[in-house]
Visitor: 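So that we are looking at the same thing, I have put the structure below in structure tokens.
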Amino acid sequence: MLVLVAPGQGAQTPGFLTPWLDLPGVEDRLRAWSAAIDLDLVHYGTNADADEIRDTAVAQPLLVAASLVSARQLFATAEDVSRQVGAAAGHSVGELAAAALTGVLSEGDALTLVRKRGLAMAEAAAVTETGMAALLGGEQDVVLPHLEKLGLTPANVNGAGQIVAAGTAEQLAALAADKPEGTRRVVPLKVAGAFHTEHMAPAVTALEEAVGQVTAADPRTRYVSNRDGRVVTDGQDVVRRLVGQVANPVRWDLCMETFKELGVTGIIEVSPGGTLVGIAKRALPGVQTLALKTPDDLDAARTLIAEHSAQAE
């Protein structure tokens, strides 16, 4: 059983879209989306530096666009996804890519919403100096009380010994100076705010207004939600969850539990892949994984699809 996953913010690196532009139609598609959302995706994906693409308003549309153009090299339509993929999910902003790939949203609506999401979250992040940091190692029942003591939110519970804390700069500094017992490292993330916390409440209001202008269809492939790891079958419920998820923790650990319950045997992480595959290798031993980083990975991805897709069963 094949699972398709899309990465979240922080996965972007300077120039990561450059090799994808060599493929037929990719640059035209990116330029059309750029015009529609008033953001030069080609520039930011090829020539912008790390600071420029760290900007939430830039990073989020860029990541969703990259996920979609890379996935379309493997699955031309949502129908292709439904025939060959057993389940799909995205981490944080990657949920919007997953919503498009499973047919809940059109690609255009997904890009429009992620542009508004990024702008709203950037505006909310500008109110107070906040950020996020990944804690590597440590037991969940030790880490979570420690974060609560420091006033931090466990914004991403990723599983495999990784929890991402979010809060003010002062709270994160206190965490760096006082790690929970058993935690090996505290790694600051390349994001501009405390996402998936109460600091993002204004962005929820902005997104609630934006989703009223889009049409949602029921997913054609199992859609696994960050909120609780549940498979969501109603398109309107997917959209409601996308809105609320901005200010609530990402439970990627529960998503992976659902993958396991569904019988996952293979996982492909679309571009810029790597982070979620790394977590899966630790949390889901025995599952074959592939990170779609550049077009050079497409042939291996097609082989994995042939071996693990629902169509092959």
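As the structure is a prediction and not an experimental result, all values here were calculated from the model.
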Visitor: Determine the minimum heavy-atom distance between Val277 and Ala291, stating which atoms define it.
Guide: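 Scanning both residues completely, I find the closest heavy atoms to be CG2-N, 4.0 Å.
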Visitor: Could you tell me whether Arg240 atom CZ has more than 12 heavy atoms of other residues or ligands within 6.0 Å of it?
Guide: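 Atom CZ in Arg240 is packed in, count exceeds 12.
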Visitor: If only atom types and distance count, is the side chain of Gln171 paired as donor or acceptor with the main-chain N or O of Gly151 below 3.5 Å?
Guide: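 Indeed, once roles are kept as given, a pair shorter than 3.5 Å links the two residues.
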Visitor: Step through the shown structure and confirm whether more than 12 heavy atoms of other residues, nucleotides or ligands are within 6.0 Å of CD on Gln288.
Guide: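 Yes - once you tally the heavy atoms of other residues, nucleotides and ligands closer than 6.0 Å, there are more than 12.
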Visitor: Who pairs with Arg227 by side chain to side chain donor-acceptor pair (under 3.5 Å), at least two apart in sequence or on another chain?
Guide: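 With sequence neighbours excluded, Arg227 shows a side chain to side chain donor-acceptor pair (under 3.5 Å) to no residue whatsoever.
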Visitor: In plain terms, say whether Arg72 and Glu107 are close enough for a salt bridge, that is, a side-chain N and a carboxylate O under 4.0 Å apart.
Guide: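 Here Arg72 pairs with Glu107 in a salt bridge, since their nearest N and O are under 4.0 Å apart.
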Visitor: Using a strict cut-off of less than 4.0 Å between a Lys/Arg side-chain nitrogen and an Asp/Glu carboxylate oxygen, indicate whether Asp51 and Arg54 qualify as a salt bridge.
Guide: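 No, this pair does not count.
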Visitor: Can you confirm whether Arg230 sits close enough to Thr258 that some side-chain heavy atom of one is under 4.5 Å from a side-chain heavy atom of the other?
Guide: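 Of all side-chain heavy-atom pairs linking Thr258 with Arg230, none is under 4.5 Å.
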Visitor: Do you know which of Leu119, Leu113, Leu111 makes side chain to side chain contact (heavy atoms under 4.5 Å, CB included) with Arg115?
Guide: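 Of the listed residues Leu119, Leu113, Leu111, the side chain to side chain contact (heavy atoms under 4.5 Å, CB included) partner of Arg115 is Leu119.
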Visitor: So, Ser67 side chain and Ser271 main chain: donor-acceptor pair closer than 3.5 Å or not?
Guide: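 Such a contact is found between Ser67 side chain and Ser271 backbone.
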Visitor: If we ignore hydrogens and angles and just use 3.5 Å, is the side chain of Thr46 paired with the main-chain N or O of Leu17 as donor and acceptor?
Guide: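 Flag not set: sc Thr46 to bb Leu17 has no pair under 3.5 Å.
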Visitor: With heavy-atom distances below 4.5 Å as the criterion, would you say the side chains of Leu150 and His146 are in contact?
Guide: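 Heavy-atom side-chain distance check passes, below 4.5 Å.
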Visitor: Closest heavy-atom contact between Met256 and Ala280?
Guide: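 Looking at all heavy atoms of both residues, the shortest contact is SD-CA, 4.2 Å.
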Visitor: Please answer whether the main-chain N or O of Gly244 pairs with a side-chain N or O of Asn248 as donor and acceptor at a distance below 3.5 Å.
Guide: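 Here the side-chain-to-backbone pair exists.
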Visitor: Show the numbers, then the answer: is there a side-chain contact (heavy atoms from CB on, under 4.5 Å) between Leu242 and Val211?
Guide: CA-CA 10 Å; Leu242 287 172; Val211 297; over 6 Å; no
Visitor: Is the shortest heavy-atom distance from the side chain of Val26 to the side chain of Gln73 under 4.5 Å?
Guide: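 Yes; the side chains approach each other to less than 4.5 Å.
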Visitor: Would you say that Pro180 contacts Glu139 through its side chain, given a criterion of any heavy-atom pair below 4.5 Å between the two side chains?
Guide: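 No. Closest side-chain heavy atoms not under 4.5 Å.
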Visitor: If you measure only the distance, is there a donor-acceptor pair under 3.5 Å linking the side chains of Thr153 and His196?
Guide: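 No pair is found: no donor N or O on one side chain lies under 3.5 Å from an acceptor on the other.
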Visitor: Among all residues two or more places apart in sequence or in another chain, which pass the ring-ring contact (aromatic ring centres under 6.0 Å, His included) test with Trp252?
Guide: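 For Trp252, the residues satisfying ring-ring contact (aromatic ring centres under 6.0 Å, His included) (neighbours in sequence not counted) are His91, Phe259.
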Visitor: Please name the pair of heavy atoms, one in Ala66 and one in Pro272, separated by the smallest distance, quoted to 0.1 Å.
Guide: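 Of all heavy-atom pairs spanning Ala66 and Pro272, the closest is CB-CD, 4.3 Å.
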Visitor: So, does Thr197 use its side chain to make a donor-acceptor pair with the main chain of His199 at under 3.5 Å?
Guide: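 It does hold such a pair.
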Visitor: If two hydrophobic side chains count as joined below 4.5 Å and joins carry through other members, does Leu175 share a cluster with Val164?
Guide: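 Leu175 does not cluster with Val164.
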Visitor: Do Glu52 side-chain atoms and Asp49 backbone N/O form a donor-acceptor pair below 3.5 Å?
Guide: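 Checked: pair present.
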Visitor: Other members of the hydrophobic cluster containing Val127, with the 4.5 Å side-chain heavy-atom rule, please.
Guide: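 Val127 shares its hydrophobic cluster with no other residue.
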Visitor: Going by the salt bridge (Lys or Arg N to Asp or Glu O under 4.0 Å) test, which pairs reach into residues 208-222, not counting sequence neighbours?
Guide: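 Sorted pair list: Glu79-Arg220.
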Visitor: Just by distance, do the side chain of Asn156 and the backbone of Asn158 share a donor-acceptor pair under 3.5 Å?
Guide: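 Checking the backbone N and O of Asn158 against the side chain of Asn156, no donor-acceptor pair under 3.5 Å is found.
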Visitor: Give a yes or no on this: more than 12 heavy atoms of other residues, nucleotides or ligands lie within 6.0 Å of atom CZ of Arg185.
Guide: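 For Arg185, atom CZ is not crowded (no more than 12 foreign heavy atoms under 6.0 Å).
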Visitor: Would a distance-only check, ignoring hydrogens and angles, find a side-chain to backbone donor-acceptor pair under 3.5 Å from Glu269 to Leu276?
Guide: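 Such a contact is found between Glu269 side chain and Leu276 backbone.
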Visitor: Heavy-atom distance under 4.5 Å between the side chains of Ile163 and Asp253, does that happen here?
Guide: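 No; the side chains remain at least 4.5 Å from each other.
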Visitor: Using residues 6-13 as the side-chain source, report each donor-acceptor pair under 3.5 Å to any protein atom, sequence neighbours left out, with the distance given to one decimal.
Guide:
residue	atom	partner	partner atom	Å
Gln9	OE1	Gln60	NE2	2.9
Gln12	OE1	Gly10	N	2.8
Gln12	NE2	Ile53	O	3.1

Visitor: How long is the gap from OG1 on Thr77 to CG on Leu101, to the nearest 0.5 Å?
Guide: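 Between atom OG1 of Thr77 and atom CG of Leu101 there are 10.5 Å.
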Visitor: Please check this pair: side chain of Asp228 against backbone of Arg251, looking for a donor-acceptor N/O pair closer than 3.5 Å.
Guide: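 Flag not set: sc Asp228 to bb Arg251 has no pair under 3.5 Å.
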Visitor: Do you know the tightest heavy-atom contact between Gly137 and Thr183?
Guide: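 What the structure gives for the nearest pair is O-OG1, 3.6 Å.
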Visitor: In sequence, state the C-alpha distance, the side-chain angles, and the governing distance for Lys116 and Thr112, and then conclude on side-chain contact (heavy atoms from CB on, under 4.5 Å).
Guide: CA-CA 6 Å; Lys116 292 178 179 179; Thr112 297; 4.0 Å; yes
Visitor: Can you check whether Leu21's main-chain N or O pairs, donor with acceptor, with Glu27's side chain at less than 3.5 Å?
Guide: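 Not a single qualifying donor-acceptor pair exists.
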Visitor: Report the C-alpha distance between Leu135 and Lys179 in whole Å, list the side-chain angles of each, state the deciding distance to 0.1 Å, and finish with yes or no for side-chain contact (heavy atoms from CB on, under 4.5 Å).
Guide: CA-CA 8 Å; Leu135 290 84; Lys179 298 192 296 288; over 6 Å; no
Visitor: How close do Thr221 and Ser82 get, heavy atom to heavy atom, and via which atoms?
Guide: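 Of all heavy-atom pairs spanning Thr221 and Ser82, the closest is OG1-CA, 3.1 Å.
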Visitor: Is a salt bridge present between Asp178 and Lys149, judged by a nitrogen-to-oxygen distance below 4.0 Å?
Guide: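 Salt bridge flag = yes for Lys149 with Asp178.
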Visitor: Output all residues satisfying side chain to side chain donor-acceptor pair (under 3.5 Å) with Thr289, sequence neighbours left out; order by chain, then residue number.
Guide: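 Partners of Thr289 by the side chain to side chain donor-acceptor pair (under 3.5 Å) criterion come out as none, since no residue qualifies.
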Visitor: Locate the shortest heavy-atom distance separating Thr102 from Tyr223; write the atom from each residue and the value.
Guide: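 Taking every non-hydrogen atom into account, OG1-CD1, 3.8 Å.
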Visitor: Looking at CG of Leu41 and CZ of Arg31, how far apart are the two atoms once the value is rounded to the nearest 0.5 Å?
Guide: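 One finds 10.0 Å between CG of Leu41 and CZ of Arg31.
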Visitor: Pair Ser92, Phe195 - check side-chain contact (heavy atoms from CB on, under 4.5 Å), show working.
Guide: CA-CA 9 Å; Ser92 186; Phe195 305 145; 5.7 Å; no
